[in-house]
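See structure below.
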Amino acid sequence: GGNAADSTRLTSGGESGIISDKKCILNAFTSGKHSDDIVDEIILHHKGFKDIDPAEMKKFLEDNGYNVKPLGGRSALKGIPFEQGGGYRAAFGGDAYFQYHPEEGSHHDGPYWRVSNGKRGDNRYDMEGKPKAKK
């Protein structure tokens, strides 16, 4: 009887029981996880960025208590609010960092998401959720 294996197989078809990559990214920020785990979770589920709208993400972070600020450092968009065409960033848990950079002023071929910490370095993803080559 080869039926034993069949009964344990997950139901196929539909997304039931499967948490989308987008949901995993959002959940990472609400889970109270250690910042390293948040970064790892985002890297693992980076494909979900294709389903995330930058404005929606900014509001989500703010609603969950993150200090979301305009881009800083050497960015051409330094200090420009998101609502005026700038990007945004949120630092959390020590050295962890999450960022959205729009196309304008990007040195990485178009708009991108960035997540980084000391352990994993810089990880950038395009708006389709595909990893961008490290420069």
Could you state the interatomic distance from [atom1] ([X]) to [atom2] ([Y]), rounded to the nearest 0.5 Å?
{"X": "Lys69", "Y": "Arg89", "atom1": "NZ", "atom2": "CZ", "value": "5.0 Å"}
{"X": "Lys47", "Y": "Ile25", "atom1": "NZ", "atom2": "CD1", "value": "10.5 Å"}
{"X": "Asn27", "Y": "His45", "atom1": "CG", "atom2": "NE2", "value": "9.0 Å"}
{"X": "Tyr88", "Y": "Asn67", "atom1": "OH", "atom2": "CG", "value": "14.0 Å"}
{"X": "Glu56", "Y": "Leu61", "atom1": "CD", "atom2": "CG", "value": "10.5 Å"}

*Heavy-atom check, side chain of Pro70 versus side chain of Ile80, under 4.5 Å*: no

*Using a 4.5 Å cut-off on heavy atoms from C-beta on, say whether the side chain of Asp21 contacts that of His46.*
no

_By salt bridge (Lys or Arg N to Asp or Glu O under 4.0 Å) - contacts of Glu128 (at least two apart)_ = none

*Residue list, salt bridge (Lys or Arg N to Asp or Glu O under 4.0 Å) with Asp40, at least two apart or on another chain*: Arg120

_Ring centres under 6.0 Å, that's the criterion: do Trp113 and Phe49 meet it?_
yes

_Please tell me whether Phe92 and Phe29 form a close aromatic pair, meaning their ring centres lie under 6.0 Å apart._
yes

Going only through I, L, V, M, F, W and Y residues with side-chain contacts under 4.5 Å, is there a path from [X] to [Y]?
{"X": "Tyr97", "Y": "Tyr100", "answer": "no"}
{"X": "Phe82", "Y": "Val68", "answer": "yes"}
{"X": "Tyr125", "Y": "Met57", "answer": "yes"}

*Are Arg114 and Gln99 close enough that a side-chain donor and a side-chain acceptor fall under 3.5 Å?*
yes

*Using a strict 4.0 Å threshold on nitrogen-to-oxygen distance, state whether Asp122 and Arg124 make a salt bridge.*
yes

*Could you tell me whether Lys130 and Asp126 make a salt bridge, using a distance below 4.0 angstrom between a side-chain N and a carboxylate O?*
no

*Please check if atom CD in Glu103 has more than 12 non-hydrogen atoms from other residues, nucleotides or ligands closer than 6.0 Å.*
no

*Enclosure of Lys59 NZ (heavy-atom neighbours >12, cutoff 6.0 Å)*: no

*Look at the rings of Tyr112 and His101 and say which category their plane angle falls in: under 30° parallel, 30 to 60° tilted, over 60° perpendicular.*
parallel

Please report the shortest heavy-atom distance between [X] and [Y], naming the atom on each side.
{"X": "Gly105", "Y": "Ala76", "result": "CA-CB, 4.2 Å"}
{"X": "Met127", "Y": "Pro111", "result": "CG-CG, 3.5 Å"}
{"X": "Cys24", "Y": "Glu41", "result": "O-CG, 3.8 Å"}
{"X": "Ala96", "Y": "Val39", "result": "CB-CG2, 3.9 Å"}
{"X": "Asn123", "Y": "Gly121", "result": "ND2-O, 3.2 Å"}

*Give the C-alpha distance, both sets of side-chain angles, the deciding distance and a yes or no for side-chain contact (heavy atoms from CB on, under 4.5 Å) between Ile43 and Val115.*
CA-CA 8 Å; Ile43 291 171; Val115 62; 4.0 Å; yes

_Summary of side chain to side chain donor-acceptor pair (under 3.5 Å) pairs that have at least one residue in residues 28-39, sequence neighbours excluded_ = Asp36-Asn117, Asp36-Lys119

*Test Leu77 against Glu104 for side-chain contact (heavy atoms from CB on, under 4.5 Å), laying out the working first.*
CA-CA 8 Å; Leu77 299 173; Glu104 186 184 330; 3.7 Å; yes

*Please check if the side chain of Asp95 supplies one atom and the backbone of Gly118 the other of a donor-acceptor pair under 3.5 Å.*
yes

